[in-house]
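Okay, so here's the structure we're looking at.
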Amino acid sequence: MLNSSFEPFQPLAAIATNQTAARILQPLCQTTEATLWLPESVEKTQNAQYYHSSLKKHLTSIWTSHKAIVFCLAAGAVVRLIAPLLADKQNDPAIVVIDSLGRYVISLCGGHQGGADLLTQLIADTIGAVPVVTGAASSCKLPAIDTLGVPYGWRKGEGDWTGVMAAAARGETVQVIQEVGNTLWQEHLPEQHSFSFDFSEIKPQARIWISLTQRKFAPKSDFPKVQWHPRVLWVGIGCERGTSRQLIETAINTTCQKYHLAKDAIAGIASIDIKSDETGILELCGNLSLPFKTFTAEQLRQVTVPTPSNVVANEVGTPSVAEAAAILAANNQELLVTKQIFKGDNEPGAVTVAIAQAELEYTGRTGKLFLVGIGPGSLDQITPAAKTAITSADAIIGYSLYTELIEPLQRVGQIIESLPITQEKQRARRAIELAQWGLTVAVISSGDCGIYGMAGLVLEALQADNWDGKTPQVQIFPGISALQAAASRAGAPLMHDFCAISLSDLLTPWEVITKRLQAAAQGDFIVAIYNPRSQKRTQQIITAREIFLQHRPSNTPVAIVREAYRDNEQVTLTTLEKMLEAPIDMLTTVIIGNNNTRNYANWMITPRGYSVNV
Ligand code: SAH
C-alpha cells in the first residue's frame, strides 16, 4: 500500500462523471488505492472502472460494501443521490465531496463514526486543498463524544447520544465519570473544554459514563446520559465437549446480568488449549467479534484460584479452567466474578464462567507505527504523505521542538507526547508500547526520519523485541533532510559525490568519526556535517576543519546554514579558512565543498561534471 493512512477507509470508491473530475480523482486514487468509477461516456482512463447503469443504480450496488465514497461532483447532486440510501450513522459509508477544481474537500456525511471528517482532512493534505468540516465538535476543538473511545476499542453503549452531543455542541458542561479504561484522552484535551471530571457536581447538563457496568437510564431523566464501555472483561470459559453456542452465550449473558456487567465491556474469551477447536466457543467469538485466548494446562495450573476442583484436575490436568484462564487473559488481575456453573434445561452440555478485569483495555486493533520525517521546519517543506500520517495518527511522539513545529497539522483529540531531545530511545520504546496496544502512532523526526532520525531507533527496538515484521505494521514517510534544505539555501553544492558525517560522539566513538572525516576529505567528497557543535562538544568542528585543510585549499567554499526554513534562518557562505568565525551550533549544517566547488553571485556551485567547462 502506498500510504497506509487511508487503510481504515478501505474499500474506498471514487466517483466522477466527466473527464475533468476524473483527472482530479486519478492521482488521489493512486495514493489511496480507491477504485475510480466513471460512466461509460467518459473517454477511457487508465486504471478506471466503468459503470454501465445509471449512477443512482451503481451507487446502490456499492453502498453497503464500501467504507467511504469520494465524489468529484456538485454537492447538491451528491445529496440527492445518497439521500435514499442513508440508513444510520453507524453503518453508512463516509461521504466526501471534492469541488470540480480540486480546491475544497467537503465532509458531507458520516463525519464522526464514518470517519468522513478525518478522510476529508487526509484528502486535503494529499491534494493540497482546503478541508471543509462543519461538525460541531471540530468547531469546539473537542474530541467528538461519539468517537471518543474509538482509538482504544471502547464500545458505544446505550444512552441518549443525540442529547449529550447536542449539549456539548451548545457548550454546556458534560460531566465525565470514568471508572475504567485509560485516561490518556483526558490528559490531552485542549486547555478550554466543557468536560467536567468533578463527581460532586450536583446537576450536570449531560453525563458520560465510561465503565464496565451496564446502566439502565430512566427515559425521563432530567439530563441526557450515555455510556462508553472500555473492553476490560476477560471471560474464562470451561465447557463439556459439544456444548452449544446458545448455552455458552446464555451462561455469559446471565452472568453479566447478575453482576450488572456490560456485554460490550467484554474484551475476549479465554479457555484451555484443548478447547481451541470447541465449535460453540468459536461460533460465539465469531458472532461477537471477540478474540479467543487459550492456555495450556501447565500454565493454568500455576494460577491460584478461589474455586479449584479435583474433578477438573483429574480430567484435564489443571484444577481450574474458567477462573485460571480469565485471570491469565487479564494479565494476572483478580477475578470480578468467580466460577458460575450452567447446565442446559433440555440439552446436553455444561459451562463454567468466570470473569476477570484487566487493567488495560483490549483495543482489538492492529497498531501502526508511522515513522515520519517532517522536513527542516516550515510546513510547506513537508510531504503531503507525511501530513496524512500526522493527521491520521492517534498519537504523535517526538522531540518538543518538532511537535511544536507541526502543531497546525494536529487534530483534535490526538495524543501528543513530547520528550526531551536526549531521550530518543525512550521515545522509540513509548511509540512501540502504544502501537503494540493497537494505536496508530506517528514518530516524528526533523528532516528525514531515516537520516540521524528516529526510524533506525524504532526498527532496532522492534528487532530487540523479536518483532514479526507485521504487528505493529510499520510505514516510513521520508522528508527533506537538513543537507538538502541547507544546500538549497546555499546554491547547488551537492552536485557531485557527497556524504554526510555527524560529529556527535554520543552514539559513535570519536575515532570512527575522525576516520570517516579523513576518508571523505581524501576522497574529495563534498561533506554535509550534521550535529557540528553543541555547548559541550566544541572541539570536534575545529578538528574536522583541520582534517579538511590537509586535503583541500584554505579557500574551499563552505556554507554554514542555521535553522534552514525556520524563522531565524541564517546562511553564511565562507571558506575553510574562515568558517569558524560564523555561528555554528546544533541547529546548523555545515557544507564543505570539494576541490571544484566555487562561489558565484552568492551561490555555492559544485560543477556537475568536471570535464565540462561551465
Ligand atoms: N533527521 C534530520 C537530522 C537530525 S540530526 C535530518 O534528516 O535533517 C540534527 C542535526 O540536523 C542538527 O544538529 C543540524 O546539524 C541538522 N539540522 C536539522 N534541521 C536543520 C535546519 N533546519 N537547518 C540546519 N540544520 C539542520
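Remember, it's 1-based here, ligands and their atoms both numbered in the order they're listed.
Figure legend: Arg489 and Tyr565 shown as a cation-pi pair, the cationic atom lying under 6.0 angstrom from the six-membered ring centre and within 45 degrees of its axis.
In terms of N/O distances under 3.5 Å, ligand 1 is approached by Ile451. Close N/O approach between Ile480 and ligand 1 is not found [any backbone or side-chain N/O within under 3.5 Å]. Residue Cys449 places no N or O, backbone or side chain, under 3.5 Å from any N or O of ligand 1.
In this structure, a donor-acceptor pair under 3.5 Å is present between the side chains of Asp125 and Gln121. Looking at Ser418 and Ser400, their side chains never bring a donor and an acceptor atom within 3.5 Å of each other. Side-chain N/O atoms of Asn594 and Thr597 include a donor and acceptor closer than 3.5 Å. No hydrogens or angles considered: nothing links the side chains of Gln49 and Thr35 as a donor-acceptor pair under 3.5 Å. No donor-acceptor contact under 3.5 angstrom links the side chains of Trp467 and Gln436, judged on distance only. Of the N and O atoms on the side chains of Asn595 and Thr556, not one donor lies less than 3.5 Å from an acceptor on the other residue. Defined by atom type and a distance below 3.5 Å, a donor-acceptor pair is missing between the side-chain atoms of Glu359 and Asn331. Asp505 and Thr508 form no side-chain donor-acceptor contact under 3.5 Å, judged by distance and modelled atom types alone.
Among protein heavy atoms, atom 18 (C) of ligand 1 sits closest to Ala482 CB, 3.8 Å. Of the protein's non-hydrogen atoms, the one nearest atom 7 (O) of ligand 1 is Ser481 OG, 2.7 Å. Closest protein heavy atom to atom 2 (C) of ligand 1: Ser446 O, 3.1 Å. Scanning the protein heavy atoms around atom 12 (C) of ligand 1, the nearest turns out to be Met586 O, 3.0 Å. Given atom 19 (N) of ligand 1, the protein heavy atom at minimum distance is Arg566 NH2, 3.3 Å. Closest to atom 15 (O) of ligand 1 among all protein heavy atoms lies Thr588 O, 2.6 Å. Regarding atom 9 (C) of ligand 1, its nearest protein heavy-atom neighbour is Asn531 OD1, 3.4 Å. Taking atom 23 (N) of ligand 1 as the reference point, the nearest protein heavy-atom neighbour is Ala564 N, 2.9 Å.
Considering Tyr399, Tyr452, Tyr402 only, the shortest heavy-atom separation from atom 4 (C) of ligand 1 involves Tyr452.
Phe9 has its ring centre no less than 6.0 Å from the ring centre of Phe6.
Per-residue contacts place Tyr530 under 4.0 angstrom from the following atoms of ligand 1 (heavy atoms of the residue considered): 3 (C), 6 (C), 8 (O), 10 (C), 11 (O), 15 (O), 16 (C). Annotation for ligand 1: atoms under 4.0 Å from non-hydrogen atoms of Val561 are 24 (C). Counting the atoms of ligand 1 from 1 in the order shown, those under 4.0 Å from a heavy atom of Thr589 are 14 (C), 15 (O), 16 (C), 17 (N), 24 (C), 25 (N), 26 (C). Near Pro532, with a cut-off below 4.0 Å to any heavy atom, the atoms of ligand 1 are 15 (O).
With a 4.0 Å cut-off on non-hydrogen atoms, Glu563 touches ligand 1 through its backbone and not its side chain. Contact annotation for Ser445 and ligand 1: no heavy atom of the residue comes within less than 4.0 Å of the ligand.
Annotation: side chain of Arg533 is not in contact with side chain of Leu503 (no heavy-atom distance under 4.5 Å).
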